[in-house]
Asks: 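Please find one structure pasted underneath; my questions will follow.
In the text below, chain A, chain B and the rest are named by the order of the sequence lines, each starting its count at 1.
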Number of protein chains: 2
Amino acid sequence: MQLDPEMFDPVCPSGALPFRIGDKWTAMIVLCLENGPARFTELRVPLKRISPKVLTETLKAMERDGLVTRTAFDENPPRVEYELTALGRSLLALIGAVREWSSAHLADLLAHRERSPLSHRPGESRLAAP
Amino acid sequence: MQLDPEMFDPVCPSGALPFRIGDKWTAMIVLCLENGPARFTELRVPLKRISPKVLTETLKAMERDGLVTRTAFDENPPRVEYELTALGRSLLALIGAVREWSSAHLADLLAHRERSPLSHRPGESRLAAP
DNA sequence: CGGAATCCTCTTCGATACTG
DNA sequence: CAGTATCGAAGAGGATTCCG
């Protein structure tokens, strides 16, 4: 599994989306695993700015919920692979639906926000990007 | 517009959903407005536990993003109505998709979480219900 | 009635450093 | 390589009180 380091647009306004799949990273991880298992460090590549702590937490939560499986190989150096379960795979359709909504309506939402005289504080950006 | 005070199941595990539409209340507000405009206080009924501060914030954010319109009538006592825009209405299909996913898979996710030996800490519940 | 103003807590996220 | 351990900042969400 080779993951494209550029698979996520760094200026993608997904942070402004009125949706979240799980926490901040879950949807992206599901997408990363769509075409097969990946290793911890491989996931860190397209997820450029994720810290190991947060990646660990997110993967553990996903494993706990039955979205991914974790397989540790007894080798040296160690190797661990994460793979989508059927349940995790079932999220793909929904993520697709969110993406379709976004391509159809997100620009509209963003334009409206831009023009709005309403204060952006407090709360500033709700789900805004960093 | 009469809103059913019981329209949201108080023990609904929606807090455990791996999705969020906007912030915690946005999706419920969209649902509340599905069949026509409603007043501030009317919204507080089905949204039982929401504080006025949070409802105000959420509605302002939604207005800013073009999801709802706010109409203040110059009467006494004052009356304000919130209504879905076309953009806000476009969320209904997505909310429907999330609901379908939930009825098909949420029990599975919850059961897996229940059986999982993985610690629920730290982070405890990600998107857990109150 | 429809908020605004305050104050506070809990969770999320991140940076950094270290380890089997 | 695949994490763990700490620390810290920020924001969402809530409780309560007050106001035109």
Side-chain angles (χ1 to χ4, degrees), chain A residues 1 14-16 18 20-29 37-45 47-63 68-83 118-130, chain B residues 1 14-16 18 20-29 37-45 47-63 68-83 118-130:
Chain A
M1 267 301 299
S14 64
R20 292 274 298 262
I21 311 287
D23 56 27
K24 183 172 180 179
W25 303 97
T26 300
M28 280 185 274
I29 292 176
R39 305 173 61 168
F40 189 87
T41 305
E42 283 175 342
L43 289 171
R44 296 188 65 181
V45 177
L47 270 25
K48 287 189 257 294
R49 319 204 108 283
I50 198 170
S51 72
K53 178 196 138 197
V54 173
L55 181 54
T56 301
E57 282 175 7
T58 306
L59 287 169
K60 268 198 179 138
M62 292 175 73
E63 190 189 353
V68 299
T69 55
R70 177 184 183 278
T71 310
F73 298 89
D74 192 8
E75 301 174 358
N76 197 307
R79 184 163 60 100
V80 177
E81 282 192 349
Y82 293 91
E83 186 167 16
L118 269 43
S119 167
H120 283 216
R121 278 140 290 106
E124 178 55 28
S125 55
R126 289 207 299 163
L127 297 174
Chain B
M1 268 300 303
S14 64
R20 294 275 299 262
I21 310 286
D23 55 28
K24 183 173 181 179
W25 303 98
T26 300
M28 281 184 275
I29 292 176
R39 304 172 62 167
F40 190 88
T41 305
E42 284 174 342
L43 288 171
R44 297 188 65 180
V45 178
L47 268 26
K48 286 189 260 293
R49 318 204 109 282
I50 199 171
S51 71
K53 178 198 139 197
V54 173
L55 181 53
T56 301
E57 283 175 5
T58 306
L59 287 170
K60 266 198 181 143
M62 292 175 73
E63 191 189 354
V68 299
T69 55
R70 177 183 183 278
T71 309
F73 299 88
D74 193 8
E75 303 173 356
N76 197 308
R79 184 164 60 100
V80 177
E81 281 192 351
Y82 293 90
E83 185 167 17
L118 269 42
S119 167
H120 282 219
R121 278 141 293 108
E124 180 55 30
S125 55
R126 289 204 300 162
L127 296 175

Asks: Any pair with a residue in residues 69-78 of chain B that passes salt bridge (charged side-chain N to carboxylate O under 4.0 Å, His left out), sequence neighbours left out, goes on the list, sorted by first then second residue, please.
Replies: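 Counting only pairs at least two positions apart or across chains, the salt bridge (charged side-chain N to carboxylate O under 4.0 Å, His left out) contacts touching residues 69-78 of chain B are Glu75(B)-Arg79(B).
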
Asks: May I ask you to decide if Arg39(B)'s main-chain N or O and Glu42(B)'s side chain share a donor-acceptor pair within less than 3.5 Å?
Replies: yes

Asks: Can you check whether Lys60(B) has a side-chain N or O nearer than 4.0 Å to OP1 or OP2 of dG3(C)?
Replies: no

Asks: Mind checking whether Leu118(B) and Glu63(A) have side chains closer than 4.5 Å, heavy atoms only?
Replies: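 SC-SC contact between Leu118(B) and Glu63(A) confirmed.
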
Asks: Looking at Met28(B) and Lys24(B), what are the two nearest heavy atoms and their distance?
Replies: CE-O, 3.6 Å

Asks: Whole angstrom is fine here: how far is it from CD in Glu63(B) over to P in dG2(C)?
Replies: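 Rounding to the nearest Å, CD of Glu63(B) and P of dG2(C) are 15 Å apart.
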
Asks: Among all residues two or more places apart in sequence or in another chain, which pass the side-chain contact (heavy atoms from CB on, under 4.5 Å) test with Pro52(B)?
Replies: Phe40(B), Arg44(B)

Asks: Could you tell me the separation between the CZ atom of Arg79(A) and the C1' atom of dC1(D), rounded to a whole number of Å?
Replies: 11 Å

Asks: Between Arg70(A) and dG3(D), does any side-chain N or O lie under 4.0 Å from OP1 or OP2?
Replies: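 Answer yes for this pair, as a side-chain N or O of Arg70(A) is under 4.0 Å from OP1 or OP2.
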
Asks: Take the protein atom CG of Leu47(B) and the nucleotide atom C1' of dG14(D), then report the distance between them rounded to whole Å.
Replies: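 The answer, rounded to whole Å, is 14 Å.
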
Asks: NA contact type, Val80(B), heavy-atom cut-off 4.0 Å: base, sugar-phosphate, or nothing?
Replies: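 If one applies the 4.0 Å heavy-atom cut-off, Val80(B) turns out to touch the sugar-phosphate alone, with no base involved.
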
Asks: From CD of Glu42(A) over to P of dG3(D), roughly how many Å is that when rounded to an integer?
Replies: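 Distance check: Glu42(A) CD to dG3(D) P gives 13 Å.
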
Asks: Quick one: label Phe73(A) by what it contacts on the DNA or RNA (base, sugar-phosphate, nothing), any heavy atom closer than 4.0 Å.
Replies: nothing

Asks: Counting only side-chain heavy atoms from C-beta out, which of dG13(D), dC1(C), dT4(D) sits nearest to Thr56(A)?
Replies: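 Among dG13(D), dC1(C), dT4(D), the one nearest the side chain of Thr56(A) is dT4(D).
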
Asks: Identify, with sequence neighbours excluded, every residue that meets side-chain contact (heavy atoms from CB on, under 4.5 Å) alongside Thr41(A).
Replies: none

Asks: Whole angstrom is fine here: how far is it from CZ in Arg39(B) over to P in dG2(C)?
Replies: 4 Å

Asks: Could you run through nucleotides 15-20 of chain D and give me one letter per nucleotide, 5' to 3': B if any protein heavy atom sits under 4.0 Å from the base, S if only the sugar-phosphate is that close, - if neither?
Replies: B-----

Asks: Just report the end-to-end axis angle for the helix from dC1(C)-dG20(D) to dG20(C)-dC1(D), five pairs per end, to 10 degrees.
Replies: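 For the helix from dC1(C)-dG20(D) to dG20(C)-dC1(D), the axes at opposite ends meet at about 50°.
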
Asks: Identify the two heavy atoms, one from Ile21(B) and one from Thr26(B), that lie closest to each other, and give their separation to 0.1 Å.
Replies: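 Heavy-atom minimum between the residues: O-CB, 3.5 Å.
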
Asks: Check the distance between dG2(C)'s P and Glu75(B)'s CD and give it to me in whole angstrom.
Replies: 10 Å

Asks: Could you check how far CZ of Arg44(B) sits from C1' of dG14(D), rounded to whole Å?
Replies: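 Interatomic distance, CZ of Arg44(B) to C1' of dG14(D): 12 Å.
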
Asks: Check this one for me: any side-chain N or O of Tyr82(B) less than 4.0 Å away from OP1 or OP2 of dG3(C)?
Replies: yes

Asks: Is any side-chain heavy atom of Leu59(A) less than 4.5 Å from a side-chain heavy atom of Leu43(A)?
Replies: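 The answer is yes; the side chains approach within 4.5 Å.
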
Asks: Answer whether the closest heavy-atom distance between the side chains of Asp23(B) and Val54(B) falls below 4.5 Å.
Replies: no

Asks: What is the distance, to the nearest angstrom, from the CD atom on Glu57(B) to the P atom on dA4(C)?
Replies: 10 Å

Asks: Tell me, do Val68(A) and Glu83(A) make a side-chain contact under 4.5 Å, heavy atoms counted?
Replies: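 Result no, sub-4.5 Å side-chain heavy-atom pair not found.
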
Asks: Looking only at the side chain of Trp25(A) (C-beta and beyond, no hydrogens), which of the listed nucleotides dG14(C), dC1(C), dC13(C) gets closest?
Replies: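 Shortest atom-to-atom distance from the side chain points to dG14(C).
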
